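Reviewing the structure listed below.
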Protein chains: 2
Amino acid sequence: MAVDTGGIAGQIARIREKANALIEEELKARGVKGILPAHGPVLAFLLRQKDPVPIKAVVESVGRVKSTVTVTIATLQKHGYLRKFPSDEDARVTYVELTAKGRRLQKDFEEISQTLRSRLYGDMGERDRERLVRQLDKIEENLSE
Amino acid sequence: MAVDTGGIAGQIARIREKANALIEEELKARGVKGILPAHGPVLAFLLRQKDPVPIKAVVESVGRVKSTVTVTIATLQKHGYLRKFPSDEDARVTYVELTAKGRRLQKDFEEISQTLRSRLYGDMGERDRERLVRQLDKIEENLSE
DNA sequence: CCAATTTAGTTCGTGGGCGAACCGATGTCA
DNA sequence: TGACATCGGTTCGCCCACGAACTAAATTGG
């Protein structure tokens, strides 16, 4: 967050923090060990894959720098959620894939996403939700130029 | 950010990151040294004060844990933006206040806030902005319960 | 009045995130 | 083919943030 403590930027920063806190609580409540909100995007990406993918593909998908992804993947591996292995064709490349234990996170993952969304929106109507998301899209675009 | 990579939570996380990036760029462009987005809330609070305040007051205002604030204040002090001094009445208490150099940040601070807001909102109309802020208020509240 | 508790602040260890430097391996191209 | 650039990935140093443990100084209450 930052300069704009009172304004919309501060609001957005606080919402993000609370959303993360909620995710952490949910993970804890479900007894999921070693997973933190930061692992979400990597997990989400890998859950969508049927086959092993190069780490590079993860980097491009998650919007984190490669040094960050290296560490995230190491952590997930340490906890047994994924495994790494070198490519035969290109010795620079390392593939990753979820283990069975990693795959099993899918259910929690989806349920937590659902819980988060409904807590976040509360009783907001469908039309308001759509308008809100569209406005946020616009804002994201405004900040990307 | 988290589980909900595709959904609204991911959107919000990305907006926050982009807002922070914009602030960093602005600070750099203005040649402000040693200040980062994380210092914003502390600075904002201190700029509002006429007299020295106990660190405790800073902690309560910025929504960060006291160990975090200790470090932030140390950094701002190291760069000469504020000074610390012990209380006479209560030896446990340390006061902080901005130095002249710190006070001089006010202008940049306000201008960057303004720049951020207009970049963020873009050409969104006043009524939409208000509705958006109200919805975000609602969301923040939903997540706080 | 003094022991127990609370309070303000710091320190330490852990983890996310970044950029820069680095390492091998592969590509390029003269 | 051999020097150079590029590429995938890791390591390192730094900053933010947290909680737990710690210190010194009040405050409380028996």
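Keep in mind that this is a model prediction, so the values were computed, not measured. Both backbone and side-chain heavy atoms feed into the values below; hydrogens, waters and symmetry mates do not. Within every chain, numbering begins at 1; the chains are lettered A, B, ... in the order of the sequence lines, protein sequences first and strands thereafter.
- Scanning atom types as modelled, no donor and acceptor separated by under 3.5 angstrom connect the side chain of B:Thr94 and the base of C:dG9.
- Between A:Arg131 and A:Asp128 there is a salt bridge, since at least one side-chain N of the basic residue sits less than 4.0 Å from a carboxylate O of the acidic one.
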Pairs: protein N or O with nucleotides 4-6 of chain C N or O, under 3.5 Å:
none

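- The side chain of B:Val93 sits closest to C:dA8 out of C:dA8, D:dA26, D:dT10.
- At distances below 3.5 Å, at least one donor-acceptor pair connects side-chain atoms of B:Arg119 with backbone N or O atoms of A:Asn142.
- For A:Ser67 against C:dG19, a side-chain-to-base donor-acceptor contact under 3.5 Å is present.
- The interatomic distance linking B:Asp90 (CG) with D:dT23 (P) rounds to 19 Å, in whole Å.
- Dashed line: the shortest gap from a side-chain N or O of A:His39 to OP1 or OP2 of C:dG16 is under 4.0 Å.
- At whole-Å resolution of the value, CD in B:Glu17 and P in C:dG17 are 8 Å apart.
- When each of B:Val71 and B:Lys66 is assigned the nucleotide of DNA chain D with its nearest heavy atom, B:Val71 is the one assigned upstream, toward the 5' end.
- Taking CG from B:Leu98 and OH from B:Tyr81, the interatomic distance works out to 11.0 Å, rounded to the nearest 0.5 Å.
- A:Asp137 places a side-chain heavy atom less than 4.5 Å from the side chain of B:Gln11.
- Within 4.0 Å of A:Lys56, counting heavy atoms only, lie sugar-phosphate atoms of the nucleic acid but no base atom.
- Each of D:dG9, D:dC16, D:dA25 was ranked by its minimum atom distance to the side chain of B:Ala91; first place goes to D:dA25.
- Among the nucleotides D:dG19, D:dC16, C:dG9, the one closest to the side chain of B:Ala38 is D:dC16.
- Between the side chain of A:His79 and the backbone N or O of A:Leu76, no donor-acceptor pair lies under 3.5 Å.
- Whole-Å rounding puts the B:Leu76 CG to D:dC15 C1' distance at 13 Å.
- The distance between atom CD of A:Glu24 and atom P of D:dA17, rounded to the nearest whole Å, is 15 Å.
- In terms of position along DNA chain C, the nucleotide closest to B:Pro54 lies nearer the 5' end than the nucleotide closest to the other residue of the pair B:Pro54 and A:Thr68.
- Regarding A:Lys84, its NZ atom lies at a distance of 16 Å from the P atom of D:dG8, rounded to whole Å.
- Between B:Arg64 and the phosphate of D:dC16, there is no side-chain N or O to OP1/OP2 separation shorter than 4.0 Å.
- Checking side-chain atoms of A:Ser61 against main-chain N and O of A:Ala57 turns up no donor-acceptor pair under 3.5 Å.
- Panel note: side chain A:Arg129, backbone A:Met124; a donor-acceptor pair is recorded below 3.5 Å.
- One can place CD of A:Glu89 at 11 Å from P of C:dG27, the figure rounded to the nearest angstrom.
- If you check D:dC16, C:dG16, C:dA25 against the side chain of A:Thr75, the one that comes closest is C:dG16.
- The interatomic distance linking B:Asp88 (CG) with D:dA26 (C1') rounds to 15 Å, in whole Å.
- You'll find the side chain of A:Leu47 reaches within 4.5 Å of the side chain of A:Phe109, heavy atoms only.
- When distances run from any side-chain atom of A:Ile55 to the nucleotides C:dG9, D:dT10, C:dG17, the shortest one goes to D:dT10.
- Remark: C1' of D:dA17 and CG of B:Asn20 are 13 Å apart, rounded to the nearest angstrom.
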